[in-house]
Number of protein chains: 2
Amino acid sequence: MSKATIDDVAREAGVSIKTVSRVLNGEPLVRDATRDRVKQAIVALDYRPNASARRLAGKRTYLLGLVYQQNSSYASRVQAGVLDACRDRHYELLIHPCNEKGEALLGEIRELAASRRVDGLLLTPPISDGAGVRELLDELRVPSVVLSKADEGDAGWSVDTNDRHISRQLIEHLEGLGHRRIAYVRGHPDHKAMGNRYRGYLDGMAAAGLESMAAPVGDNAFESGRRCGKELLGLNPRPTAIVCANDHMAAGVIRAAHEAGVSVPGDLSVTGFDDIPLAGQLTPGLTTVRQPMEDMAHTAAQLLIDRVTNPGMENNAHVLDSALVLRDSTGPAPD
Amino acid sequence: MSKATIDDVAREAGVSIKTVSRVLNGEPLVRDATRDRVKQAIVALDYRPNASARRLAGKRTYLLGLVYQQNSSYASRVQAGVLDACRDRHYELLIHPCNEKGEALLGEIRELAASRRVDGLLLTPPISDGAGVRELLDELRVPSVVLSKADEGDAGWSVDTNDRHISRQLIEHLEGLGHRRIAYVRGHPDHKAMGNRYRGYLDGMAAAGLESMAAPVGDNAFESGRRCGKELLGLNPRPTAIVCANDHMAAGVIRAAHEAGVSVPGDLSVTGFDDIPLAGQLTPGLTTVRQPMEDMAHTAAQLLIDRVTNPGMENNAHVLDSALVLRDSTGPAPD
DNA sequence: TTGTAAGCGTTATCAA
DNA sequence: TTGATAACGCTTACAA
């Protein structure tokens, strides 16, 4: 049982294996009646094509590689989105969490492209922002799609969100709550998304006619948020709101506030970015921005499969919308 | 370039492809000098065996399937551990996050075993605790290893931690801090680990000569922790410590305490279990138990590959030790 | 200790 | 619109 091959199906349907193959791959030149007969045989025998044989014989591997930073808080959402797209198109996914940076990162990608024979590579930030990564992918001639903005002047294959715009909306939200002294905690300068978020802050402050405050730079991790928070809370006059480039740092700022005896959101409003699982479980719940990660990943994987399937395809850059998630870490400005 | 086959290597080394194959697979019957020559040729040509061809020709797929609950907080640690083991043994990993329960879950596993031809399956809790799952794996004859205790009376293939014992240590820690009224928030009754943790609590209370208190049952999620916390804080006399079966629920209890104006750890000590990333970033940092997830997953994958490679192998159940992680959510009992 | 030849289950080529 | 038949790059008998 459960070991039917294409030959069995061909025999059962009374056709050649090539015809079965045509049906399997949705090729057009098959008469409807024949196609039906083959499909029936497939069901009757519970036939499953052997992926290894298909890979060996075909030009493709039906394999996608997903490269992302290990311990990235959105890894599982990205995986879910990609897997969804893969299932629809009969692709499989090889995940490749990665710790390296710089040359070592490039080496890993090179190795990945060489040893595992994937049809295409999907990269997420901050990997996709790494110096030389895009160039390497071109050099290796591996079709790829990145989650993150394409480089300027490069209409590249990418899926992104409107970070800058939504970041500006965050400022408008705070301004509407009466905040005037709104500080910012910047993210790691190598991550492109972080730059966009900061620009959105500046946009929002300018649009509201407010003066932007000190904007210390963190490294995206909790501790750096704590440090920046401490620094900002030492200011005089103190900010009434601190906007952070991601949730981890926002958690750090909340910790710093707690340590300084500053109550959130009574004395201080805090916002994050990403809506990681932590955000809803902090006390107070964190006002943040939710990116449609599954959708982005799904879109990216579809795009990649399209690109692989259809080599002549045009460049394609998608932008999906993020959404504000209002929780309890933001409130009216203290008087 | 980069498309050398076994034939190229054989020619370069002046041997037959069979000899190359022997070297590749570490088979013993090759003279050292020959082996060296082959290895040199492999390096010289940057030869990479074609995994698809190997799968097709061999009896194995060199593929492992990892089935886990989608959005599980330890998914990435498990993946990392498994991938490590896979790399060492030239296996690859197909991940299979899963949302189903009951019959639907069994159907997914059945489908997975049928369609993707994996050599073996790795299951993590709570999937591995699902009713009928172990039986199905036996029926399907898919070699598998579970992360979670083997069933009683079944010396099965599993890797587990000493949850019960470490849970007891948690009680000893609290007792040492002067706590006498220590309540417990139980986890989802279908998850075996949850039962063990609760038993450890009972052990610890008995050993300390304390009377166990109300132990409301949650569903492992934040909200249920909040609900149970609220309930326990309404008790009179109120517990001075609440031990939770996992971190999510502990976060919920902290939220409940905050809402009730009860300070942590001043008025109330709270502990979790799992040391998810959230635990360190809560305010206050959560005292919890860290399981060696990467190690467990690594061990499980090694075990599975051994089992697959060596069908005659004996059952094997491993137990690895968890560790207490003391943070700021526990402190001296209030007087 | 090494080599020869026959698969493994598909897709691709080319003819019918 | 269909079908022989040859790849694809390895492993596995079976010989030598």
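Proteins come first, then strands; the chains are lettered A, B, ... in the order of their sequence lines, and each starts at number 1. Heavy atoms only: backbone and side chains are in, while hydrogens, waters and symmetry mates are out.
Here the P atom of nucleotide dA12(C) and the NZ atom of Lys18(A) are 6 Å apart, to the nearest Å. Following rounding to the nearest Å, Leu29(A) (CG) and dT13(C) (P) show an atom-to-atom distance of 14 Å. Atom pair Leu24(A):CG and dT10(C):C1' shows a separation of 9 Å (rounding to whole Å applied). For the pair Arg60(A) CZ and dA12(C) P, the interatomic distance rounds to 8 Å; values are reported in whole Å. Between Ile6(A) atom CD1 and dC8(C) atom P there is a gap of 14 Å when expressed in whole angstrom units. Atom CG in Asn25(B) sits roughly 5 Å away from atom P in dT11(D) (whole-Å rounding). A straight line from CG of Asp32(B) to C1' of dT1(C) spans 12 Å, rounded to a whole angstrom. Between the CG atom of Leu56(A) and the P atom of dT11(D) there is a distance of 12 Å, rounded to whole Å.
Nearest-nucleotide positions on DNA chain D for Val15(A) and Tyr47(B) put Val15(A) closer to the 5' end. Both Gly58(B) and Val30(B) lie near DNA chain C, and the one whose nearest nucleotide falls closer to the 5' end is Val30(B).
Note on Thr34(A): a side-chain N or O is less than 4.0 Å away from OP1 or OP2 of dT2(D). Here Thr5(A) does not reach the OP1 or OP2 of dG9(C): none of its side-chain N or O atoms lies under 4.0 Å away. The side chain of Tyr62(A) places no N or O atom within less than 4.0 Å of a non-bridging phosphate oxygen (OP1 or OP2) of dT10(C). Close to dA4(D), at under 4.0 Å from its OP1 or OP2, lies no side-chain N or O of Ser16(A). For Arg54(A) and dT11(C), the shortest distance from a side-chain N or O to OP1 or OP2 is below 4.0 Å. The side chain of Thr19(B) contributes no N or O atom lying less than 4.0 Å from OP1 or OP2 of dT2(C). Close to dC8(C), at under 4.0 Å from its OP1 or OP2, lies no side-chain N or O of Asn50(A).
To the nearest 0.5 Å, atom CD of residue Glu100(A) and atom CD1 of residue Ile127(A) are 9.0 Å apart.
The one candidate from Thr61(A), Leu63(A), Leu83(A), Val118(A) that meets the side chain to side chain contact (heavy atoms under 4.5 Å, CB included) condition with Glu92(A) is Leu63(A).
In this structure, Arg54(A) satisfies the cation-pi test against Tyr62(A), with its NZ or CZ atom closer than 6.0 Å to the six-membered ring centre and inside 45 degrees of the ring normal.
Of the candidate nucleotides dC10(D), dT10(C), dT1(D), dT10(C) has the atom nearest to the side chain of Asp7(A). Taking only side-chain atoms of Ile17(A), from C-beta outward, the nucleotide of dT2(C), dC10(D), dT5(D) with the closest atom is dT5(D). Taking every side-chain heavy atom of Ala57(B) into account, dG9(D) is the closest of dC8(D), dG9(D), dA5(C).
Interface remark: the Arg48(A) side chain does not form any donor-acceptor pair with the dG9(C) base, using a distance-only criterion of under 3.5 Å. With hydrogens and angles left out, the side chain of Arg31(B) and the base of dT2(C) share no donor-acceptor pair within 3.5 Å.
Here the closest heavy-atom approach between residue Met313(A) and residue Arg307(A) is recorded as SD-N, 4.0 Å.
Side-chain contact between Pro292(A) and Asp321(A) is absent, with no heavy atoms from C-beta onward closer than 4.5 Å.
Remark: the backbone N or O of Pro125(A) is not paired with any side-chain donor or acceptor of Asp129(A) at under 3.5 angstrom.
Looking at heavy-atom distances under 4.0 Å, Arg22(B) makes contact with a base.
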